[in-house]
*Asks:* 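Below is one structure. I have some questions about it.
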Number of protein chains: 2
Amino acid sequence: MTVTIYDVAREAKVSMATVSRVLNGTAVVKDETKRRVLDAIERLGYRPNAVARGLASKKTRTIGVIVPDVSAAFVAEVVRGIEDIATMYDYHIILKNSDAQLSREIDLVGTMWEKQVDGLIYMTNRLQKEHVDAFEQAQIPVVLCATEDPERRIPSVNIDSARAGRDAGQYLLSKGCKRVAFVTTEEGLSVLADRRGNGLAACTGFEQFIRIETGSGRYETALPKIRACLENNVIDGIVAATDELGLASIHAAQDAGLDVPRDVKVIAFDNTRLATMVRPEMTVIAQPMYDFGAVSMRLLTKLLLDEPVENYSVTLLHNIVERQST
Amino acid sequence: MTVTIYDVAREAKVSMATVSRVLNGTAVVKDETKRRVLDAIERLGYRPNAVARGLASKKTRTIGVIVPDVSAAFVAEVVRGIEDIATMYDYHIILKNSDAQLSREIDLVGTMWEKQVDGLIYMTNRLQKEHVDAFEQAQIPVVLCATEDPERRIPSVNIDSARAGRDAGQYLLSKGCKRVAFVTTEEGLSVLADRRGNGLAACTGFEQFIRIETGSGRYETALPKIRACLENNVIDGIVAATDELGLASIHAAQDAGLDVPRDVKVIAFDNTRLATMVRPEMTVIAQPMYDFGAVSMRLLTKLLLDEPVENYSVTLLHNIVERQST
DNA sequence: CTGTTAGCGCTTTCAT
DNA sequence: ATGAAAGCGCTAACAG
């Protein structure tokens, strides 16, 4: 029924080993023999069984990808980057959503272990000791993607978030803003978001700086909260932690009778497609989302192939894209 | 180094078979023995090797998911639905992007075959003979997700697209629209989009009906084309094939000096988050994106577990969500 | 350059 | 209720 390497060997009148060799290019095979094997493969419609291969070689060419939620625009873009590079290096990805729940995040490492993945790309809001322990126990090479390891034990790919926050602040200052708000979901939820906020807060020159916590990152719930804040505080500049919160900020300002950008300027993080499709188009601190994924995967391949690695914690560049909201 | 089932057996003073039994619940094991095994597993930190399991049992508990592009909002949501249900039934998913290229779509079936996936969830714009042949050759159970098989050979999950198109038309008629445009990427690209367009075209009562083809589905490229059309035709109602095209239509209308919804009403397909975040908020034909994925995966589990299946081509319900753009 | 032979770690008869 | 043993389909020494 299923055609095996043994069938091919018989058909080509060679040994399994030789078939394996032409399949994997593990050793030189005489051209004539190679042709016979290839012919047999063709004739029988043979496909190597990756599972058997994985068992024998202890390499599955499969990468585990653990993310909070693929349906988030940012994450989906990252996953696309991961998958593209994985394909390029002939790896497959197993995708799992953690919903940012610690217990699930840890569980999933175990699951990936059972699946014998060759490596792991990991996204989480806050890396904890439990994570590192899990990685260690599973003995799987891990690359943290858009996730910081304060102690730099685990290879990672990030931008300089504090600096990005500062850049946003500097930018608003240059636009004449004095009273600035940082709109974020909730302090303590995401290390990166906090770092951005702190970078922003560190800017000197603001007359006032407040944080607006929206609880969830959802547009609908954020909008009224931001609006309330805007009605109780005179604010002329906003930095939002995500595009969605940026848009909520713009609309909240408009609802409060303010003009964007005249009365209040808004700059948001991420630069998902949303930013360019709304009016006014949003000025953003653009994050290299696709590259987060692509570079993480590339770094992981280096780890797996024992290629030399110059830098185990890669810092990607961010940049400000000026549009109409400022 | 790596703990195997054999080590556990030795530690618990039983045979591998018994360990396997308690692991899989394949047969009754005396409570006392079971405890010894569980203890040994705990003590040794044993994790079953899913690859070895897969080879021995010929079941990998892995599902291949082939989509055009995860980074598209619609698709990402579908994938989330698939993954959730997969997890629920203890399956894993291998994700692949095809970029809607036929050759790649076919290739990927072969790749999934090699990976010995137990089943396949497949999304494509236009199912062709090549696809069906590939499925057949690989002998993998397939469920088509948001993808129609005109000949109903392959199980699938869809909405009634023609009817959805008609509903959109009917809705615009009820709003007093007479001169309607269908904004889509390009005829012939997507069967479902075409079907919607045809359903719409079949509505009687319009004084005029035109199609606006935008080439790509991207906001940026669509906007000027739609605007040009709107300047050369008197249009008072638009049905857009996606939210992104819907938003492009709204902005194009505004740029052409028209008010939405007063002068021209816009209704779009999909209902991604975009629709609720823009102003005016978009009226949509809501698609059950998450459910496309969830139901497809559920159907696939039925196929895999030999559960009775009432209906091999499931039709999900769509509905109109009325907002400000009409 | 090619063949032989052990496994890889588990499931699954078949006995007992 | 438990054990023994034969594979699953392939890779990777080791010979020759």
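Just so we're on the same page: letters track the sequence lines, and every chain starts at 1.
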*Asks:* Between A/E310 and A/K302, is there a salt bridge with N-O shorter than 4.0 Å?
*Replies:* yes

*Asks:* Taking only side-chain N and O atoms of A/T33, does any of them lie within less than 4.0 angstrom of OP1 or OP2 on C/dT2?
*Replies:* yes

*Asks:* Between the main-chain N or O of B/Y89 and the side-chain N or O of B/R61, is there a donor-acceptor pair closer than 3.5 Å?
*Replies:* yes

*Asks:* For D/dA4, take OP1 and OP2 only and decide whether either is under 4.0 Å from a side-chain N or O of B/S15.
*Replies:* no

*Asks:* Under a 3.5 Å cutoff, is there a donor and acceptor pairing between the side chains of B/R36 and B/T33?
*Replies:* no

*Asks:* Donor-acceptor pair under 3.5 Å: do we get one between A/R21's side chain and the base of C/dG3?
*Replies:* yes

*Asks:* Does a nitrogen or oxygen in the side chain of A/Y46 sit under 4.0 Å from OP1 or OP2 of D/dC10?
*Replies:* yes

*Asks:* Reckon A/N49 has a side-chain N or O less than 4.0 Å from the OP1 or OP2 of D/dC8?
*Replies:* no

*Asks:* Just N and O in the side chain of B/K59: are any of them under 4.0 Å from OP1 or OP2 of C/dT11?
*Replies:* no

*Asks:* Testing B/V143, B/I140, B/V109 one by one against B/Y122 for a side-chain contact (heavy atoms from CB on, under 4.5 Å), which residue passes?
*Replies:* B/V109

*Asks:* So, is B/T2 close to the C/dG9 phosphate, meaning a side-chain N or O under 4.0 Å from OP1 or OP2?
*Replies:* yes

*Asks:* Closest nucleotide of DNA chain C for A/R36 versus for B/T4: which of these residues is on the 5' side?
*Replies:* A/R36

*Asks:* Report the nucleotide, chosen from C/dC1, D/dG9, C/dC10, that has the shortest atom-to-atom distance to any side-chain atom of B/R53.
*Replies:* C/dC10

*Asks:* What's the closest nucleotide to the A/L55 side chain, out of C/dG9, D/dA13, D/dA1?
*Replies:* C/dG9

*Asks:* Identify whether any heavy atom of B/S20 sits under 4.0 Å from a base atom; if not, whether one sits that close to sugar-phosphate; answer base, sugar-phosphate or nothing.
*Replies:* base

*Asks:* Kindly point out which of D/dT2, C/dT11, D/dG9 is positioned nearest to the side chain of A/A56?
*Replies:* D/dG9

*Asks:* Quick one: label A/V14 by what it contacts on the DNA or RNA (base, sugar-phosphate, nothing), any heavy atom closer than 4.0 Å.
*Replies:* sugar-phosphate

*Asks:* Looking only at side-chain N and O atoms, does B/N24 offer a donor or acceptor that is under 3.5 Å from a partner on B/S20?
*Replies:* yes

*Asks:* Would you please confirm or rule out a distance under 4.0 Å between OP1 or OP2 of C/dT2 and any side-chain N or O of A/K13?
*Replies:* no

